[in-house]
Protein chains: 2
Amino acid sequence: MSNTDTASAAESHQRVFLPPRPSAEVISALLAELEPLLGERITTATGVREQHGHDESWHHPAAPDAVCFPHSTEEVSAVVKACARLNVPVIPYGVGTSIEGQVIAEHGGLCVDLSAMNQIIKVRPEDMDATVQPGVTRNQLNTDLRATGLFFSVDPGADASMGGMASTRASGTNTVRYGTIRENVLSLTVVMPDGRIVRTGSRARKSAAGYDLTHLMIGAEGTLGIITELTVKLHGLPEAISSATVAFEDVAGAVNTVIASIQYGIPMARIELLDALSMRAVNQFSKLDYAEKPTLFLEFHGTHAGVREQAEALAELCGEFGGSDFAWATQEEDRQKLWQARHDAAYAARQLRPGMEFLATDICVPISKLAECIEATEQDVQESGLVAPLLGHVGDGNFHLVVVIDRNSDDEITNLKAFNARLVQRALQAGGTCTGEHGIGMGKRGYMADEHGEALSVMRAIKMALDPQGIMNPGKMV
Amino acid sequence: MSNTDTASAAESHQRVFLPPRPSAEVISALLAELEPLLGERITTATGVREQHGHDESWHHPAAPDAVCFPHSTEEVSAVVKACARLNVPVIPYGVGTSIEGQVIAEHGGLCVDLSAMNQIIKVRPEDMDATVQPGVTRNQLNTDLRATGLFFSVDPGADASMGGMASTRASGTNTVRYGTIRENVLSLTVVMPDGRIVRTGSRARKSAAGYDLTHLMIGAEGTLGIITELTVKLHGLPEAISSATVAFEDVAGAVNTVIASIQYGIPMARIELLDALSMRAVNQFSKLDYAEKPTLFLEFHGTHAGVREQAEALAELCGEFGGSDFAWATQEEDRQKLWQARHDAAYAARQLRPGMEFLATDICVPISKLAECIEATEQDVQESGLVAPLLGHVGDGNFHLVVVIDRNSDDEITNLKAFNARLVQRALQAGGTCTGEHGIGMGKRGYMADEHGEALSVMRAIKMALDPQGIMNPGKMV
């Protein structure tokens with residue numbers, strides 16, 4: 001979906017500066033400047049460039065002019081300084097699992113691949129925090145933490161990099177209990193658009209000193225700087241964990257159970273909804289035999305007594321709203337299988353129309369609006385004739401439709417775009433947001449003015465103040 | 001403590017613009033422009049100006065040139081537009097309970113008193129959120145919420161205004177469980193320095209759309225705009241609450257209990273430390289008969305079974321570290337008495353030297369550094385000969401010394417300043433912050449460069465981009 005297609009009439013005329021696409025001469029000059037520092041770790045090889053020109057989304061790929069692989073904050077700083085001098089776009093890249101085109105080099109430039117900066121610098125069990133480089137992935141960190149009894153909670157499904165998750169304000173299945181990455185970062189080291197190195201925040205759990213630059217950088221999608229180090233909060237592994245699935249006759253029953261459980265204050269670790277079509281896809285893809293009905297995937301964390309208490313309270317609510325077929329998984333192996341099925345649901349959805357592409361919608365609304373919003377959306381799906389299983393982090397008010405489409409069909413594309421626009425308007429009217437966790441990237445730029453109004457011009461003023469040349473991930477976000 | 005006294009050599013030469021002190025003619029022009037809108041709600045009466053020239057701190061008062069009392073966001077916008085046109089400083093004012101001089105009109109200008117904007121606009125129990133005007137106080141909101149089974153958690157002791165708490169990034173006794181105000185604001189309406197009205201964020205519980213302006217405004221102390229509406233999270237009142245005090249032979253035992261309880265993941269709602277001198281002051285002030293030993297004030301929230309479980313786990317830890325004299329308060333009345341004594345501790349401290357002033361220090365460090373930091377500080381207090389009872393939100397790593405001093409004694413002032421500087425350096429070396437919850441205001445400006453280094457220049461760039469005339473609460477924060 002291109003920006004202009006969905007651009008709102010209300011969008012401010014004020015625009016951030018876009019640097020020109022670098023010429024071959026400029027890229028040569030950049031290489032000449034950086035090769036002494038990086039050697040073979042900067043390249044214009046076609047294969048490497050193409051590999052860095054797309055993410056996991058359906059957005060049209062665009063390769064950068066060159067790719068580099070720095071090893072340290074200081075190297076990133078040198079790279080950005082050179083790009084600033086030569087007015088070359090800089091596109092930060094983690095492991096490429098974004099799904100709104102955040103890493104696509106629409107305006108050319110230099111891709112800064114941070115995957116080699118994958119050191120876990122320090123784990124401090126006594127403070128329940130860890131300092132890591134941005135290329136560390138969440139699975140890598142959690143594997144490293146095994147002996148400590150601690151874990152890093154943010155879990156967007158993909159084995160994303162820590163820097164990428166911070167840059168896109170990622171969340172996932174257990175946000176309802178442990179928060180998004182926004183609540184789990186204490187401090188950052190950032191290379192600014194002019195190459196300066198700054199540290200935001202401290203390791204103190206709270207501070208009232210100065211502007212909150214940490215939260216400004218989280219979710220900025222690399223448009224204000226490159227995150228080169230993160231200090232994140234860790235959580236204690238719970239004494240007991242129990243997971244379950246429970247099927248409902250209709251989506252409304254499942255959603256009303258979620259709403260009631262939040263209002264009753266049951267501290268669930270995960271509460272996820274898959275509709276009947278998602279369950280069919282999951283059964284086919286993962287060779288399972290769940291009931292093909294709207295289903296909640298649940299997880300409880302706590303002491304043994306606490307988990308039992310939570311589970312009993314929730315079971316009672318499920319009964320009230322027509323839930324049945326409780327299937328408990330208390331063994332580690334069974335739980336893994338259950339959540340693997342949940343995580344694979346997007347891939348499973350794609351198999352409903354083999355060979356097709358998918359687009360995942362991502363609205364998030366206040367919990368009281370969730371039932372009517374899902375109901376209106378399911379009706380819209382039916383009327384639109386789309387193949388679009390629904391799943392989501394309903395405890396946060398966030399749900400996705402995995403719309404499986406034929407990218408070569410203009411009719412399908414037009415249909416999808418109109419559907420997505422209606423969906424977003426429904427979310428905004430409900431006091432919600434066009435994206436709960438996938439970010440803006442290329443896919444949601446057209447909705448920024450609708451969602452933020454005058455606040456978008458404040459964002460642009462900040463962008464222009466910190467990146468006057470507009471070289472940091474140009475065209476994204478603002 | 002003036003800025004220059006403690007200014008760091010490392011401080012950047014880059015400075016934000018300070019507007020000139022307005023002349024009598026300029027103030028006359030401002031009144032002529034705003035009187036048709038505000039009538040008697042704008043005044044230059046000496047009594048009103050003086051009343052608005054100080055907060056609850058010992059910082060030297062400075063009265064604004066005029067004070068106004070708007071009733072709506074639109075009126076605030078009109079006021080700020082007039083000030084921008086005439087280049088008049090604007091000082092937002094809630095109920096004046098700040099303690100670092102945040103509301104003092106050092107550079108003259110117009111004080112915007114928001115206390116008349118005290119409407120609770122909407123409470124949405126189904127979404128567990130509420131939208132309020134900035135002059136609503138936390139007690140007012142919690143009184144209004146009584147019938148809903150919900151409460152607003154942030155509790156800095158004073159009955160502060162919601163706008164003031166957001167502006168100073170307030171927290172308090174139950175932060176360890178419910179977070180600071182930073183974690184409890186969903187969205188804001190802000191009048192920008194040019195009078196534009198923007199809304200930051202949405203009512204969705206999470207969003208990945210755009211820069212996080214909500215968190216940029218929280219803690220900005222009115223230097224980037226005036227908060228005119230807040231949507232905040234509410235929490236369910238727990239089924240059971242239990243409070244206790246437990247005395248220790250030494251501070252180390254108490255602190256080590258806190259550290260262990262955090263690491264064990266006991267989800268305490270409050271865990272506060274008062275040292276022996278604080279306990280003596282509390283006994284005298286509140287006519288109580290606590291043991292005059294280092295004491296933890298505790299509170300547990302949860303189900304009946306959960307609270308019992310937490311209390312048992314904590315009692316076991318207390319035993320390991322020499323805690324004794326457990327005194328439980330499960331009745332509402334007893335709990336009120338216990339926490340009233342805790343909240344009055346700062347006033348109690350002042351009575352140790354009747355007629356004197358006090359300064360409250362406010363460092364916050366990673367929990368693993370808390371014991372050694374407190375130990376070094378207590379030794380420093382002794383060597384300095386200061387009267388300085390210690391108390392604090394030790395579950396967050398945040399503690400205060402209430403230093404009671406004779407403001408007319410140059411020796412005492414010099415001694416205090418040197419002590420505070422050593423204290424802050426100790427916090428920064430431990431990876432902490434100069435202020436956990438009181439903010440920068442006038443009192444901590446001199447430490448901003450030490451704490452933030454190059455990041456301070458990023459803050460200044462943002463200030464200059466959003467407030468190029470420098471009229472919003474000039475001289476504060478950056």
Side-chain angles (χ1 to χ4, degrees), chain A residues 124 126-127 168-169 171 175 180 183 192 196 198-200 202-213 215-216 218-220 236 263 265 303 305-306 309 364-368 396-398 431-440 444 448 451-455 458-459 461-462 465-466 477, chain B residues 124 126-127 168-169 171 175 180 183 192 196 198-200 202-213 215-216 218-220 236 263 265 303 305-306 309 364-368 396-398 431-440 444 448 451-455 458-459 461-462 465-466 477:
Chain A
R124 304 176 199 84
E126 66 283 10
D127 286 320
T168 55
R169 208 180 289 138
S171 48
T175 300
T180 73
E183 288 80 28
M192 298 301 293
R196 273 180 308 163
V198 308
R199 206 202 53 174
T200 74
S202 74
R203 287 210 303 115
R205 287 274 155 162
K206 64 183 194 183
S207 170
Y211 300 156
D212 190 342
L213 299 182
H215 284 98
L216 185 63
I218 293 173
Q263 285 163 5
T303 61
E309 199 175 47
C364 185
V365 297
I367 196 95
S368 68
D396 311 322
N398 181 209
T433 176
C434 68
T435 171
E437 56 183 19
H438 294 171
I440 297 296
K444 294 276 169 64
M448 284 288 282
E451 179 160 342
H452 295 294
E454 196 62 53
V458 176
M459 296 179 198
I462 292 169
L466 300 185
M477 180 68 70
Chain B
R124 303 176 199 85
E126 66 284 10
D127 287 319
T168 55
R169 209 179 288 139
S171 49
T175 300
T180 74
E183 287 81 27
M192 299 300 294
R196 271 179 310 163
V198 307
R199 206 201 54 174
T200 73
S202 74
R203 288 210 302 117
R205 286 275 155 160
K206 64 183 194 184
S207 170
Y211 301 157
D212 190 342
L213 300 182
H215 284 99
L216 185 63
I218 293 173
Q263 285 163 6
T303 61
E309 199 175 47
C364 185
V365 298
I367 196 96
S368 68
D396 311 323
N398 181 210
T433 176
C434 68
T435 172
E437 56 181 21
H438 294 170
I440 297 296
K444 295 275 169 63
M448 283 288 282
E451 178 160 341
H452 296 293
E454 196 62 52
V458 177
M459 295 180 200
I462 292 169
L466 301 185
M477 179 68 70

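Order of the sequence lines fixes the chain letters, A, B, ..., with proteins taken first and strands second; residue numbering starts at 1 for each chain.
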Per-residue contact mode, Met448(A) against chain B (heavy atom under 4.5 angstrom): side chain
Given a strict heavy-atom distance threshold of 4.5 Å, which part of Leu213(A) is in contact with chain B: side chain, backbone, both, or neither? side chain
Turns out that what part of Ser207(B) lies under 4.5 Å from chain A's heavy atoms comes down to both
Looking at every non-hydrogen atom in both residues, tell me the closest pair between Ala204(B) and Thr433(A) and how far apart they are. CB-CG2, 3.8 Å
When every non-hydrogen atom of Asp396(A) is compared with those of Lys206(B), the smallest separation belongs to OD2-NZ, 3.1 Å
Go through Val458(A) and Leu216(B) one step at a time and tell me if the side-chain contact (heavy atoms from CB on, under 4.5 Å) criterion holds. CA-CA 11 Å; Val458(A) 176; Leu216(B) 185 63; 5.9 Å; no
Region of Glu451(A) that comes under 4.5 Å of a non-hydrogen atom in chain B: both
Is it the side chain or the backbone of Asn398(A) that comes within 4.5 Å of chain B heavy atoms, both, or neither? side chain
The interface call for His438(B) against chain A, heavy-atom contacts under 4.5 Å, is backbone
What is the minimum heavy-atom distance between Gly432(A) and Ser202(B), and which atoms define it? O-CB, 3.6 Å
What heavy-atom pair brings Tyr211(A) and Met477(B) nearest, and what distance separates the two atoms? CE2-CG, 3.7 Å
So Thr175(B) and Arg205(A), do their side chains get closer than 4.5 Å, heavy atoms only? no
Answer with side chain, backbone, both or neither: which region of Leu466(A) has an atom nearer than 4.5 Å to a non-hydrogen atom of chain B? side chain
Nearest non-hydrogen partners of Thr303(A) and Glu309(B), listed with the distance: OG1-OE1, 2.8 Å
Contact leader toward chain A among Met192(B), Arg199(B), Glu183(B), His452(B), where contacts are heavy-atom pairs under 4.5 Å: His452(B)
Under 4.5 Å from any heavy atom of chain B - which part of Cys434(A): side chain
Grab the two heavy atoms, one from Ile440(A) and one from Gly210(B), that are nearest each other, plus how far apart they are. CG1-N, 3.8 Å
